[in-house]
Structure formats: structure tokens, C-alpha cells
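A quick write-up on the structure given underneath.
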Amino acid sequence: MYKTRAFRLIWIFIEKVGLIALSILSFWIIARYLTPSEIGTAVIILSVSELIALFYTTILTSPMLKFRVITPEENGSYFWGSLMLGSASFMLVCGIGALVLNDTAAYFMLAVGALSIPISLLGKLYICHMQRDGAYKQLAVRSLLSKVMGMSSGILLAIYGFGGWAVIGQAVVMQLVSTVVIMFSYKLRVPFCFDGHFFYTKLIKTGWPIALKALNWTAMNKGVEMILAAVSGSAAVGYFNVAKRVVDLPVNAITQGLNSYAIPVMSRRRDADTQLASFRTFFLSATKFSSFVVFPFFLLIAVAAEPIVLTLLGERWAESAPILTVLAIAAALATSATFIPAMLIALDKSQLTVNAIFVTSIIVLIIVWLLGAEIGAMGAAVAIFTRTLLLLPYNLAVAGMLLQIPKKMYLSTFAHAFVGSGVVLLCYATWQFTTGAFMQTLVDVLLIGTLMGVAYLGINFALNRNLLAEFKTFFKS
């Protein structure tokens, strides 16, 4: 069990870190050829398709991950139902685009981007089964191959002067290659049948609270970009999107990777009352492990935002640096709630946080509307940070209530990560103040980051000498 869990987590790590590295490389190259306005326009156009695809993916896939047994007929219902939904959505997007868009180039970008909806949905059934079976090596190879093909397409389009088409082309090619590879590499029986009752009651009816939650988050992000474009221009969207992407790449890779692993594990422990203690132990151990690893990583990004942006993207993107700092701090704080989505899905309690997410999303959009005209993209960053502060105590309270976790016990799971990171940052700030030295290049970031990491480990082992034993127990549990 220990070796199996470690092996699966290693392949999840390889996949997600590889995707982060490739995404950073492609975005670095594309951002050097495109202007903030070109990136901002392409992002807004592509967001329509991404929003629809995410909604359908979440509403259909999350319930499937919890089933103990999936029959071939259920596979067929999922596959053909998702194909019908994706095709109908593609035609709907193209039809509405023809009515509201006067720019021919923008319409064709919208139509090509909409192709990713049915293409992505076709492969989600296979991904769901591979996650259930623990085939993380195949998932990693598929993800990395599709990313290489997608980024190659995007980079070529950017180099040859196709502007925003680089962003659209990269996304569509990546989805196409991913779906084709996974359908041919993974053996799965998908009969030509469709059970409407199963599709509605077991998937849509069960998955809609989860999908609404995911849609709410994505819709908020896209709404932020659209409002920011209206009050501050597409260039502000470009600055915000660049900073947000630097944070979102590792955030999404880490949270999606860990939750894709945690959902099946938690689901197997949810049924019997006697399993509550086991469920709670795994949740707390997983939260402690993720906070220990991820929290200092985002704080380093926050501290090193300026050299990261200037070195990778150049002076034209300098306005993204302070935005990156604010978003990275928000991401660091959110690591304490990394496994709450998996816990809610496993317990069929996703609806508990829907209202809170909806209310805080409205607050975010209002803040962007009020501050965007005055401080541009920073207004959007402040809004995201505010939302994190509002949601965090609510999510922790929900988890504590469902799993009967005392507040002191819950806080202790990430207290060492917070304290250790705080002491390291205080030492760094003192050194910076006394010497007047600042990180200026990526080499500086790597060297100082390594020293901070060593100091962080030393502080945490001093605070808790059983840390290694606890993580080893987590892998074995």
C-alpha cells in the first residue's frame, strides 16, 4: 500500500510539474511575441468555451469517480450523452457568436475555440476510469504529450505573427491530441446505448452542485476579466491574466492532482460510521502534507514576483509583478483548504458551500467594478484576495462540522507551515533591510529560495521531530 500510494503520487507529481514547466515555457515565448491587448482579447474569447467545458466535465465526472462499479451501459450513457451536450453547445456558441459579433476574425476565433467543448468531453470518461484504476503513469504521458503538441502549435502561431490565434490554437490542439491519445491507449468498452434516467439522476442531478461550485469559480474569473476589460481596457486584462496564470498553473496542477487522488481514497472510507475516524485522519494528514509543501512555494513566488516577471517576460509586463505578489499570497492562504473539495464530493455535501461561493463571487465582481477604473488590474487582484479571506474560515468551519474536527486540531495541521514560513520571511526581510540587497534574476531566486527552503525545513523539524514519521504514516494509511 505504501509503495502503491507513493508510486501514484510520484506520477501525479511528474505530470503536474511537467505541465507547469511546459506551460511556463510556452507562455513565456508567446508573451514575448504578443501584446497585452492581444492576449487579453484571446483570453476573453476562449473563456466562453472553457466555461462550458468545465461545467459539463464537473457535472458528469465527479459522480462517476464515486461509483464503486461502473457498467458498460453506464459508460455508453456517459459517452454519448456528453457528446450530445458538447455538440449542441458548440452549435449554440457559433449561433450566438454569429448574431452578436461584427468582427469576422473574432467570430472565427470563437468558433475554433468552441471545438474544444465536444473534443474535451469525449476524453473525460477515459480519464475518469484511469483515475479510478490508478493509471497515473498513462495519464502523465498523455498530458505531457498533448501539452508539447499544443504549445508547439501556439509558439509557431505566435512566431509567425498570428497574434491571439496562438492562444486559441494551443488550447484546441492540446485538447485534440489528449483525447485521441487517451481513446487509443486505454481499453474501455463503450457500447452504443443511452440511459436517460441514469444520465439525469445519477450524473446531472448528483453533479450539479459540484458543477455549480466549479462554474461559479470559473465564471467569477471570467467575469473579472470581462468587467476589467470594460472599465480599464484589454491591456489590463492582459496584465492580470499573465500574473494570474503564473499562480494558476501551479495552483491548478497541485489542487487538481491531489484531489483527483484524494476523491477515490476518501470515497472508499465514507460509507460506514466506523470509517469516520479513518476518513478524518486521512483528511488531516493530507492537509498537513500539502500545506507543508505548497504554502512556502507560493510565498517564494510572492517575494520574488518582480525578478520572475522581468526576467521571464520583459519590461513590457512589469505591471504584472505587484499583481502576482497579491495573488500568490492569496494562493498560499488557500492551501489550508486544498482537500475540502474532495472531502465534500466524497460525502455528497458539495451543496453546503454553494451559497457562500456565490455570495463571495458577487462581492469580487463588485470590487473589480469599483476599483478597476482607479487602479486597473490591481483591483482584480485585491478582489481575489478578499474572496480568499472571506471563504477560508467558512470552508474550515464546514470541514470541522462534517468530520467532527476540533478547531485546535484543525489549525495544528497547517500551523507549522505558517510559522516556519513566517520566520523564514522575517529573516529574509531583515537581511534585505540591513544589506539593501534584492533578488534581481532567476539565479538569485533559485539560490535564495534554496537557502530559504533549507531554513524552512530546519525550523519545521525543530518544531516537530516526528514530521518524517507522520508523513510516512500518511503514505501508508
Side-chain angles (χ1 to χ4, degrees), residues 13-47 49-50 53-54 109 112-113 115-116 119-120 123 139-182 221 225 234 237-257 297 301 304-305 307-317 320-321 323-324 327-328 331 442 445-446:
F13 177 81
I14 291 173
E15 176 189 4
K16 302 309 178 182
V17 170
L19 289 176
I20 292 172
L22 292 173
S23 296
I24 290 174
L25 176 61
S26 65
F27 192 69
W28 169 59
I29 297 174
I30 290 174
R32 285 187 169 272
Y33 284 92
L34 272 62
T35 65
S37 296
E38 287 175 329
I39 288 182
T41 301
V43 165
I44 292 172
I45 291 174
L46 190 60
S47 65
S49 303
E50 291 177 338
L54 175 67
M109 290 175 71
V112 172
L115 283 172
S116 63
I119 292 172
S120 65
L139 283 171
V141 172
R142 180 267 324 179
S143 298
L144 296 175
L145 177 61
S146 62
K147 185 62 184 180
V148 169
M149 299 299 292
M151 66 176 277
S152 300
S153 304
I155 290 171
L156 287 174
L157 289 171
I159 291 175
Y160 285 101
F162 285 89
W165 277 104
V167 179
I168 305 293
Q170 177 176 246
V172 175
V173 171
M174 186 170 65
Q175 288 292 353
L176 179 61
V177 173
S178 173
T179 298
V180 171
V181 169
I182 203 170
N221 287 328
E225 293 171 350
S234 59
V237 176
Y239 291 126
F240 173 73
N241 187 262
V242 164
K244 191 169 182 298
R245 185 163 300 207
V246 173
V247 172
D248 278 353
L249 286 173
V251 165
N252 292 337
I254 292 167
T255 56
Q256 290 175 10
F297 172 76
I301 292 179
I308 289 174
V309 170
L310 294 181
T311 303
L312 292 179
L313 304 175
E315 290 288 343
R316 76 161 70 169
W317 296 99
S320 295
I323 302 166
L324 175 58
L327 294 179
L442 287 183
V445 174
L446 292 174

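These numbers were taken from a predicted model, which means no experiment stands behind them.
- When all heavy atoms of Val247 and Ala328 are compared, the closest pair comes out as CG2-N, 3.8 Å.
- Shortest non-hydrogen contact noted between Ile168 and Met109 is CG1-CE, 3.7 Å.
- Considering OG of Ser152 and CG of Leu157, their distance stands at 11.0 Å, rounded to 0.5 Å.
- Once rounded to the nearest 0.5 Å, the distance linking CD1 of Ile29 with CD1 of Ile159 reads 6.5 Å.
- Using a 4.5 Å cut-off on side-chain heavy atoms (C-beta onward), Gln170 and Ser153 make no contact.
- No donor-acceptor pair closer than 3.5 Å links the side chain of Ser178 to the backbone N or O of Met174.
- Taking every heavy atom of both residues into account, Gly154 and Ala166 meet most closely at O-CB, 3.3 Å.
- Once rounded to the nearest 0.5 Å, the distance linking CG of Leu34 with CH2 of Trp165 reads 13.5 Å.
- For Val309 against Ala321, the heavy-atom pair with the smallest separation is CG2-CA, 3.9 Å.
- Of the possible polar contacts, one joining the Ser320 side chain to the Tyr239 backbone as a donor-acceptor pair under 3.5 Å is found.
- Nearest heavy atoms, Val177 versus Met149: CG2-CB, 3.8 Å.
- A distance of 14.0 Å separates OH in Tyr33 from CZ in Phe162, rounded to the nearest 0.5 Å.
- Counting all heavy atoms, side chain and backbone alike, Glu315 lies closest to Leu310 at OE1-CD2, 4.0 Å.
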